[in-house]
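The next block holds one structure in the form of structure tokens; read it before the comments.
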2 protein chains.
Amino acid sequence: MKAFQSYKNPSLAVDLVVFGYHNNILSVLLLNRKEEPFKDTWVLPGAFVQMEETFLHTCCRVLQTKLGMDNVYLEQLYSFDAIERDPRGRAVSVAYFALVNPQKFTVTAGQMANDVKWFPVKKLPVLGFDHKEIFKMARQRLQSKILYAPVSFELLDDLFTMTELHELYECILEVELDRRNFRRKILDAEYIVNTGTKREGLQNRHPDLYRFNRKLSKHHFHLNIATN
Amino acid sequence: MKAFQSYKNPSLAVDLVVFGYHNNILSVLLLNRKEEPFKDTWVLPGAFVQMEETFLHTCCRVLQTKLGMDNVYLEQLYSFDAIERDPRGRAVSVAYFALVNPQKFTVTAGQMANDVKWFPVKKLPVLGFDHKEIFKMARQRLQSKILYAPVSFELLDDLFTMTELHELYECILEVELDRRNFRRKILDAEYIVNTGTKREGLQNRHPDLYRFNRKLSKHHFHLNIATN
DNA sequence: ACACTTTGTGTTGTGGTTACACAAAGTAGA
DNA sequence: TCTACTTTGTGTAACCACAACACAAAGTGT
């Protein structure tokens, strides 16, 4: 058996769709390229996969060095392989998506970028490479995943109110959900636990504070969204 | 802007989980390696991605040259990146799964393999590399996909009876489904069309023959499998 | 004390699913 | 040809989950 040396291989990169949620707005983290190709254009953060690192390792490297983030939810999305997707030559990209609470971090541009910014998913600029396509798939994946897996909490604070969770779902799914039916579904599924404490402050009646139920039974959870 | 030449990249391969269904048995196509590593061990068919080809192209190359197959359903599954997954060196594998009607092809071993054989998913041999893991994920994906997407027909003949379709679902999902309720669900979803013809032959009452409904509305279809 | 907002809880009607029964169509054997 | 048996097609009743509601409780400000 001989190790492979001989063949030339496509470049291998990881690209990240980092979702953040704040003030009823779902946003994506983009970075402005300093160099060609797509100089001064917004793109998804990413990096080439080193010979001795896993995809997840590459993801963390990007998150830490380029974005100053740490310990976030990551999931592999899809691998993109169009021949012409990178003008510099053949390059394959393994896309991941991340869910982040933007409050926990303040993003700053690394050396490679002019700027790093959160963009509401409703107001995206033109993206370089095939990153629009990658983003679209990530958005869809998030929409379907939130219906059957407890990932929404990654976007919120540890403690949150039912209304906050409810608005998050409406924002991501882009539909209206009956407040009271939503509450029952979430509670029945045992996704969350009432902490007994209440949010004190500005508004009217003080709402209960919940937290994610870590010892979650495999109870199948499915939100049936009516197509009104 | 300069083209990238300098960096060394991991090897990039495609591996295929080819599912076939016949006589109430779901099988996977495996091939017996002629060379190290994993000489004389069963593995998933695969090939290295050439510089100028897409993943799908690589898939078709494998299907045609190694297995003598053509025009089959293909879907990207996941990309596997464990550092030590190939003893020859760093190699990333993009896994695809294929759905095939085994009746349409007779598989023969290509030059690279000792043998090619269908194995019932219930009686798999030991697999080389991390192919057991890839297979498991493919199996799960098939199970969930069949519940909301019309992929099952890829495994059957053009014309089929309701009982055949019903048994296929039970086989893949590994649960019992009420015959009559299954019929109604499938028909309501307009997945299939009654051809008006009947299957003549050996048995008792001659069953209606159906075919897949090609002009299928986006009608959401979801089989709720009870967890008995 | 009152109007108003937000939050927590309960109820009712309906549509879809499950769990059945039964008739129709064919085969095989006496 | 009559009967027993198998498979296939169709219908129905009970039930459950969901959607669409009303209403009470807990705050705020005037």
Side-chain angles (χ1 to χ4, degrees), chain A residues 23-24 146-148 156-157 159-171 173-211 213 217 219-228, chain B residues 23-24 146-148 156-157 159-171 173 175-211 217 219-228:
Chain A
N23 276 128
N24 238 315
I146 203 183
L147 293 179
Y148 64 87
L156 296 174
D157 293 333
L159 299 182
F160 50 86
T161 66
M162 187 63 81
T163 302
E164 286 164 3
L165 187 63
H166 175 227
E167 285 175 342
L168 169 61
Y169 271 78
E170 289 192 329
C171 174
L173 295 172
E174 297 181 288
V175 289
E176 293 211 342
L177 301 172
D178 184 275
R179 179 177 67 86
R180 296 149 290 188
N181 293 333
F182 175 83
R183 158 191 292 278
R184 191 182 15 245
K185 277 220 172 182
I186 293 284
L187 288 175
D188 286 355
E190 297 182 336
Y191 267 31
I192 60 178
V193 180
N194 195 325
T195 62
T197 59
K198 293 181 184 297
R199 167 150 299 165
E200 309 291 337
L202 319 158
Q203 301 154 0
N204 303 312
R205 177 170 179 174
H206 302 324
D208 294 351
L209 282 171
Y210 295 87
R211 79 157 38 95
N213 178 12
S217 69
H219 226 236
H220 265 223
F221 165 79
H222 198 276
L223 274 179
N224 280 323
I225 305 302
T227 40
N228 298 332
Chain B
N23 277 128
N24 238 314
I146 203 183
L147 294 179
Y148 65 88
L156 296 173
D157 294 333
L159 300 181
F160 50 86
T161 66
M162 187 63 80
T163 302
E164 286 164 2
L165 187 63
H166 175 227
E167 285 175 341
L168 170 61
Y169 271 78
E170 289 192 329
C171 175
L173 294 172
V175 288
E176 292 212 342
L177 301 172
D178 183 275
R179 180 177 66 85
R180 295 148 291 187
N181 294 332
F182 175 82
R183 160 192 291 278
R184 192 182 11 247
K185 278 221 171 180
I186 294 284
L187 287 175
D188 286 354
E190 296 182 336
Y191 266 33
I192 61 178
V193 180
N194 195 325
T195 63
T197 59
K198 292 181 185 299
R199 165 152 298 165
E200 309 292 338
L202 318 158
Q203 300 156 359
N204 304 313
R205 176 170 181 174
H206 302 326
D208 294 351
L209 282 171
Y210 295 87
R211 79 157 38 95
S217 69
H219 227 236
H220 265 223
F221 166 79
H222 198 274
L223 274 179
N224 280 323
I225 305 304
T227 40
N228 298 332

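Computed from a predicted structure; not experimentally measured. A, B, ... follow the sequence lines: proteins, then strands. Residue 1 opens every chain.
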To the nearest angstrom, how far is [X] atom [atom1] from [N] atom [atom2]?
X	N	atom1	atom2	result
A:D208	D:dA25	CG	C1'	12 Å
A:N181	C:dG10	CG	C1'	12 Å
B:K198	D:dG9	NZ	C1'	8 Å
A:D188	D:dA17	CG	P	9 Å
A:H206	C:dT7	NE2	P	11 Å
A:R183	C:dT6	CZ	P	15 Å
B:N204	D:dA4	CG	P	17 Å
B:L187	C:dT17	CG	P	14 Å

Evaluate the side-chain proximity of B:N194 to B:L187: yes if any heavy-atom separation is below 4.5 Å, no if none is.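 When only atoms from C-beta onward are counted, B:N194 and B:L187 do not touch, as no gap falls below 4.5 Å.
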Side-chain touch A:F160/A:I192, heavy atoms, less than 4.5 angstrom: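 The answer is yes, as the side chains (C-beta and beyond) meet within the 4.5 Å cut-off.
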State whether the distance check finds a donor on one side and an acceptor on the other, under 3.5 Å, for side chain [X] versus base [N].
X	N	result
A:R180	D:dA22	yes
B:R205	D:dT7	no
B:R179	D:dG9	yes

Hey, are A:T161 and A:T163 close enough side-chain-wise for a donor-acceptor pair under 3.5 Å?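 No, no side-chain donor-acceptor contact under 3.5 Å.
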Pairwise distance CD(A:E170) to CZ(A:R179) - rounded to 0.5 angstrom: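 The CZ atom of A:R179 is 11.0 Å from CD of A:E170, to the nearest 0.5 Å.
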Which residue lies toward the 5' end of DNA chain D, B:T163 or B:R184, if each is placed at its nearest nucleotide?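 Mapping each residue to its closest nucleotide by heavy atoms, the 5'-most match is B:T163.
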